[in-house]
There are 2 protein chains.
Amino acid sequence: LIELQNITKTYQIGAIEVPALCGIDLRIEENEYLAVMGPSGSGKSTLMNILGCLDTPSTGVHYFAGERVSELSDDRLAEIRNRKIGFVFQTFNLLPRANAATNVALPMIYSGVPPDERKAIAAEALKKVGLGDRIEHRPNELSGGQRQRVAIARAMINKPSIILADEPTGNLDSKTGEEIMQLFRALHDQGNTIILVTHEEYIAAHTQRVVRLLDGHIESDKPNGRK
Amino acid sequence: LIELQNITKTYQIGAIEVPALCGIDLRIEENEYLAVMGPSGSGKSTLMNILGCLDTPSTGVHYFAGERVSELSDDRLAEIRNRKIGFVFQTFNLLPRANAATNVALPMIYSGVPPDERKAIAAEALKKVGLGDRIEHRPNELSGGQRQRVAIARAMINKPSIILADEPTGNLDSKTGEEIMQLFRALHDQGNTIILVTHEEYIAAHTQRVVRLLDGHIESDKPNGRK
Ligand SMILES: Nc1ncnc2c1ncn2[C@@H]1O[C@H](COP(=O)(O)OP(=O)(O)OP(=O)(O)O)[C@@H](O)[C@H]1O
Ligand SMILES: Nc1ncnc2c1ncn2[C@@H]1O[C@H](COP(=O)(O)OP(=O)(O)OP(=O)(O)O)[C@@H](O)[C@H]1O
Ligand SMILES: [Mg+2]
Ligand SMILES: [Mg+2]
């Protein structure tokens, strides 16, 4: 499904080069359930942005569903990002002036779902993440963990076949975190592919494979024993 | 040192009232080391904003160092916020167009430290949180956990006697999280008061008292056994 061959990513600040990924080889099959772990600054979000077709590598080859991502048209990339991949950002990236329902419905506007249907689907998605009583709140009228859950609901709304979630439970207590993991489990059981960045072992315990990064390299890539 | 008597906080959204704190009584002595825990949306950040004199309660009485906060002048409040209290926000609240050193130095500008001294103290503080090689990076050129550590360095820069940290390790792997907890431990040993919001048990294990919130109430307030 996804293949990375010798991927590097180097950021440029003025004359300074900041290497974030230094030669990553990774192969992910359909319906896998992966955790990406590693120290702060080791390159997890950079890797997720490339997997999600949100950023391009500096060097290396990236295949998505058999196609070379570097040769895809902008329209094809936009379609992949909107329909095939659901992305939960580490910084949520919600629209500050829109309420929770509008934020969750955003991907459906791009995919052409009619307004009444969008409203009903968004309300249902917010109930699923425990925010049925916060539908009209704007991001600054929500707690940190509630904003995170709006971002999770938004990522799932177009029923994408791949979910990329960067630290989805970083602001959630363990009970609420477990509720979110039940949602991901259901998506995985339905045949979807799940890739999570986490620093919490109890979250990684839900996955079937753990890829550990260290200084932009893959330090280890092992099955995780959860059936 | 700090006393809250029957504190409530109700947010207003149009005609809707959102109760966040519903009658909080809390007494914190000097040099205590407290964790505030509880489900997402239970009122932890709202409580921290009141303790940090960043927001006012709807009803109830708040004493800080023997003074009634509601009767303090704006100048006295600004002095307390700048000199006595260091605040690590759940959303970091860094200046996006300033680099890490400038962000960390910000409280020293208000307290009148000369520029050369500020620069040296800021660089030292960033080294202490493991960011000696990221001093000139702006927030969008840093990873999530690196931004969090800039916010932690900034909170400590004026050597405040009270540190309020809202989920300071939410984006950090456990090794980096433990390094930050060593910093807090040193501050506590020097006589400072530390109040942390966390949802991670291994972080709460470092503290001496755990206050658990549930739906805007204190569900329990117990010593934590760490000597
Ligand atoms: N500005 C606001 N306007 C309206 N409601 C708000 C506002 N800020 C917070 N709330 C509501 O008040 C409640 C408490 O919020 P608070 O941020 O204190 O929770 P929290 O315990 O810090 O949660 P988390 O662990 O998710 O960060 C939440 O249910 C939230 O929706
Ligand atoms: N836009 C950028 N410009 C320059 N350097 C960057 C940029 N984005 C990230 N970096 C650097 O690249 C490295 C990897 O960043 P990345 O965000 O991928 O780490 P991470 O593993 O997600 O960390 P965290 O767990 O703290 O979120 C970091 O050291 C960071 O300072
Ligand atoms: Mg990251
Ligand atoms: Mg909070």
Side-chain angles (χ1 to χ4, degrees), chain A residues 11-16 18 20 36-46 48 89-92 99 129-131 133-149 166-167 169-180 197-204 212-214, chain B residues 11-16 18 20 36-46 48 89-92 99 129-131 133-149 166-167 169-180 197-204 212-214:
Chain A
Y11 294 108
Q12 207 79 38
I13 302 181
I16 302 170
V18 184
V36 174
M37 305 186 79
S40 173
S42 55
K44 304 180 295 294
S45 296
T46 302
M48 292 291 268
F89 293 90
Q90 187 171 8
T91 49
F92 318 156
N99 66 23
V129 294
L131 293 177
D133 59 348
R134 293 281 182 273
I135 290 176
E136 310 249 328
H137 283 226
R138 292 183 174 196
N140 68 338
E141 296 166 340
L142 292 170
S143 78
Q146 290 170 341
R147 279 179 219 138
Q148 188 154 39
R149 285 181 276 162
D166 195 341
E167 295 283 1
T169 61
N171 282 277
L172 300 177
D173 59 289
S174 47
K175 184 165 165 290
T176 311
E178 286 290 352
E179 287 166 16
I180 294 299
V197 168
T198 185
H199 66 277
E200 297 184 90
E201 295 294 342
Y202 85 97
I203 296 293
R212 284 186 194 274
L213 293 189
L214 186 63
Chain B
Y11 293 108
Q12 207 77 37
I13 303 181
I16 303 169
V18 184
V36 175
M37 304 187 79
S40 174
S42 56
K44 304 181 296 294
S45 296
T46 302
M48 292 292 266
F89 293 89
Q90 187 171 9
T91 49
F92 319 157
N99 66 23
V129 293
L131 294 178
D133 58 348
R134 293 280 183 273
I135 290 176
E136 310 248 326
H137 283 225
R138 293 182 172 198
N140 68 338
E141 297 165 339
L142 292 170
S143 79
Q146 290 170 341
R147 279 179 221 140
Q148 187 152 42
R149 286 181 276 161
D166 195 342
E167 295 282 0
T169 61
N171 283 279
L172 300 177
D173 59 287
S174 46
K175 184 166 165 291
T176 311
E178 286 291 351
E179 286 166 15
I180 294 299
V197 169
T198 185
H199 65 276
E200 298 184 88
E201 295 294 342
Y202 85 97
I203 296 292
R212 283 185 195 274
L213 293 188
L214 186 62

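Below, chain A is the first sequence line, B the second, and so on; all start at residue 1.
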Contacting region of A:S40 [heavy-atom separation from chain B under 4.5 Å]
both
With a 6.0 Å cut-off (strictly less than), is the heavy-atom count around CD of A:E136, excluding the residue itself, greater than 12?
no
Taking every heavy-atom pair that is under 4.5 Å apart, which of B:G38, B:G145, B:G170 has the most such pairs with chain A?
B:G170
What part of A:T46 is in contact with chain B, defined as an atom under 4.5 angstrom from a non-hydrogen atom: side chain, backbone, both or neither?
neither
So which atom in A:I13 and which in A:V18 form the shortest heavy-atom distance, rounded to 0.1 Å?
CD1-CG2, 4.2 Å
Residue from A:R149, A:E167, A:R134 scoring the most non-hydrogen pairs under 4.5 Å with chain B is A:R149
Rounded to the nearest 0.5 Å, what separation is found between the CD1 atom of B:I180 and the OG1 atom of B:T169?
9.0 Å
Between B:T91 and chain A, which part of the residue has a heavy atom less than 4.5 Å away: side chain, backbone, both or neither?
side chain
Looking at B:G130, B:G177, B:P39, which has the largest count of heavy-atom pairs under 4.5 Å with chain A?
B:P39
Among B:Q146, B:K44, B:E141, which residue has the highest count of heavy-atom pairs closer than 4.5 Å to chain A?
B:E141
In terms of heavy-atom pairs under 4.5 Å with chain B, which of A:L142, A:T198, A:L172, A:T176 leads?
A:L172
Can you say whether A:V197 sits under 4.5 Å from chain B via the side chain, the backbone, both, or neither, judging by heavy atoms?
neither
At their closest point, which heavy atom of A:N171 faces which heavy atom of A:F92, and how far apart are they?
ND2-CZ, 3.6 Å
Of all the heavy-atom pairs spanning A:A20 and A:Y11, show the shortest one and how long it is.
CB-CE1, 3.5 Å
Segment of A:E200 engaging chain B (4.5 angstrom heavy-atom cut-off)
side chain
Taking every non-hydrogen pair under 4.5 Å, which of B:H137, B:M37, B:R138 racks up the most with chain A?
B:H137
In Å and rounded to the nearest 0.5 Å, what is the CG to CZ distance from B:L131 to B:R147?
12.0 Å
